[in-house]
Chemist: 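Sharing a structure with you now.
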Amino acid sequence: MMIIQFEKIQSSSIILIVLVALMNLFTFGNAWSYNVVSFGGKGDGRTDSTQAFQTVWSNACSSTKPATIYVPRGRYYLRSGTFNGPCKNNAIFIRIDGTLVAPSDFQVIGNSPAWIAFRNVDGVTVSGGNLDGKGAGLWACKNSSSSTTCPSGATTLQFSNSKNVVVSALTSLNSQMFHIVINGCQNVTMRGIKVLASGNSPNTDGIHGQMSSNVAVLNSKIGTGDDCISIGPGTSNLRIENIVCGPGHGISIGSLAKDLQEEGVQNVTVKNVVFSRTQNGVRIKAWGKPSNGFARKILFQHIVMDNVQNPIVIDQNYCPRHKGCPGKASGVKINDVTYQDIHGTSATKVAVKFDCSPTNPCVGIKLENVRLTHMNQTAQATCNNVGGIAAGLVQPTSCF
Ligand SMILES: *[C@@H]1O[C@H](CO)[C@@H](O)[C@H](O)[C@H]1NC(C)=O
Ligand SMILES: *[C@@H]1O[C@H](CO)[C@@H](O)[C@H](O)[C@H]1NC(C)=O
Ligand SMILES: *[C@@H]1O[C@H](CO)[C@@H](O)[C@H](O)[C@H]1NC(C)=O
Ligand SMILES: *[C@@H]1O[C@H](CO)[C@@H](O)[C@H](O)[C@H]1NC(C)=O
């Protein structure tokens with residue numbers, strides 16, 4: 001008995017010693033740790049902590065060992081966050097338990113592209129925390145009679161020209177413009193993201209990606225006033241999985257064909273998504289303008305539509321206010337797009353709308369096990385310049 005107990009005590013204290021040693025190794029041996037509060041940051045919601053964040057970043061970035069930046073609980077007023085690389089290590093871990101708060105006066109950051117910007121970084125993880133973009137003032141300005149004098153607004157969090165990035169368990173609230181932008185990046189994983197902004201807030205896209213490859217957006221919940229996720233030119237190997245979207249304008253590839261010379265979009269998978277009362281479900285959108293862009297190898301799979309206004313849309317004749325494109329046909333080539341296991345309800349009679357370009361018809365469109373109803377009745381499908389096949393049960397009946 002005694003011996004057994006002694007052994008137990010001995011083994012548990014050995015485990016404890018090993019654990020303490022491992023923790024020391026992590027914080028003091030193999031990684032440097034920087035707490036913003038130790039560098040003058042104050043989580044009182046008022047004191048400007050911009051300088052403290054800049055200092056911890058320059059320490060972490062110039063460290064030759066992996067580095068951790070820690071933001072404890074509290075509200076930190078951050079005028080702007082500029083986190084530029086390249087860094088001397090490729091393992092910077094930013095753990096946020098608190099909230100970063102943007103200036104509520106939209107003039108302060110309204111003309112800069114992003115409030116918090118990471119550029120030229122490799123191997124950065126941002127985990128946890130809230131980003132409060134304080135966008136309401138700018139939304140009201142854009143909604144007022146003097147809207148032409150408002151700045152366009154800053155993206156809340158932007159990664160550009162970066163690689164091997166992870167963003168997890170982060171909440172972005174009330175961005176002035178887009179919430180999260182990935183531009184010119186490779187190997188980016190975002191998981192457990194929450195985006196929250198009012199359904200009538202202008203241009204507050206949840207996550208926007210362009211000129212980037214090998215990006216994944218997983219297990220996230222997005223409610224906003226514009227696209228939940230928008231996919232711009234130059235996107236390849238994008239995986240979007242387990243998303244709840246609404247309110248918002250849905251998941252959109254485009255707008256494409258903004259420019260004549262434009263990179264294409266390819267190999268995009270969107271699966272296990274619930275759209276709840278959104279304006280669109282899955283959409284591909286291109287301006288009715290000449291362009292050498294394209295969208296191909298797109299898969300929309302296992303999707304539930306709950307009272308969505310336009311559940312399935314390809315619109316290649318996008319031309320808001322008939323400015324800059326009247327009468328022109330889209331040059332974007334759309335092919336190999338599959339819609340598989342999509343069901344639920346449409347808030348309008350036309351649940352499937354393919355409106356493609358007369359000069360570049362959509363080809364290789366496939367509908368498989370798609371069932372959408374409108375007010376408990378069969379909905380409609382409309383087709384213009386589109387070719388494809390239907391398989392399994394497809395309602396409304398396809399119009400190919
Ligand atoms: C992608 O980035 C993650 C996080 O930095 C890294 O663990 C992983 O090895 C990278 N994958 C590739 C293929 O480089
Ligand atoms: C903009 O104004 C309209 C009409 O006054 C109102 O219904 C809408 O909610 C406003 N939007 C925002 C974002 O304040
Ligand atoms: C398509 O993208 C996925 C990642 O989303 C990747 O694993 C796959 O290899 C890509 N396929 C091709 C043909 O490049
Ligand atoms: C659809 O039908 C169900 C069951 O028959 C009924 O409970 C529901 O109210 C109907 N909804 C509409 C919008 O007609």
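Whatever order the structure lists them in is the order used to number ligands and atoms, beginning at 1. Residue indices begin at 1 and follow the sequence shown.
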Chemist: Could you say whether the N/O atoms of Trp139 and ligand 2 ever approach to under 3.5 Å?
Modeler: no

Chemist: Give a yes-or-no answer on whether the side chains of Ser33 and Thr68 include a donor-acceptor pair shorter than 3.5 Å.
Modeler: no

Chemist: Students should be able to answer this: which protein heavy-atom is nearest to atom 13 (C) of ligand 2, and at what distance?
Modeler: Asn200 O, 3.2 Å

Chemist: If we ignore angles and hydrogens, is there a donor and acceptor under 3.5 Å between the side chains of Asp341 and Asn369?
Modeler: no

Chemist: Of the protein's non-hydrogen atoms, which lies at the shortest distance from atom 6 (C) of ligand 1, and what is that distance?
Modeler: Asn187 ND2, 4.2 Å

Chemist: For Thr50 and Asp48, does a side-chain donor sit closer than 3.5 Å to a side-chain acceptor?
Modeler: yes

Chemist: Has Lys333 got its NZ or CZ under 6.0 Å from the middle of the six-membered ring of Phe294, at an angle within 45 degrees of the ring axis?
Modeler: no

Chemist: Would you check if there is a donor-acceptor pair between the side chains of Ser230 and Asp205 at a distance under 3.5 Å?
Modeler: yes

Chemist: How far is atom 5 (O) of ligand 2 from its nearest protein heavy atom, and which residue and atom name does that atom have?
Modeler: Asn143 ND2, 4.8 Å

Chemist: Which ligand 1 atoms does Asn164 reach within 4.0 Å, using its non-hydrogen atoms?
Modeler: 1 (C), 2 (O), 5 (O), 10 (C), 14 (O)

Chemist: Can you check whether a protein heavy atom sits less than 4.0 angstrom from atom 9 (O) of ligand 3?
Modeler: no

Chemist: Do Asn90 and Asp122 have a side chain donor and acceptor closer than 3.5 Å?
Modeler: no

Chemist: Flag atom 3 (C) of ligand 1 as yes if some protein heavy-atom distance to it falls below 4.0 Å, otherwise no.
Modeler: yes

Chemist: Of all the non-hydrogen atoms in the protein, which one sits nearest to atom 12 (C) of ligand 3, and at what distance?
Modeler: Asn267 ND2, 3.4 Å

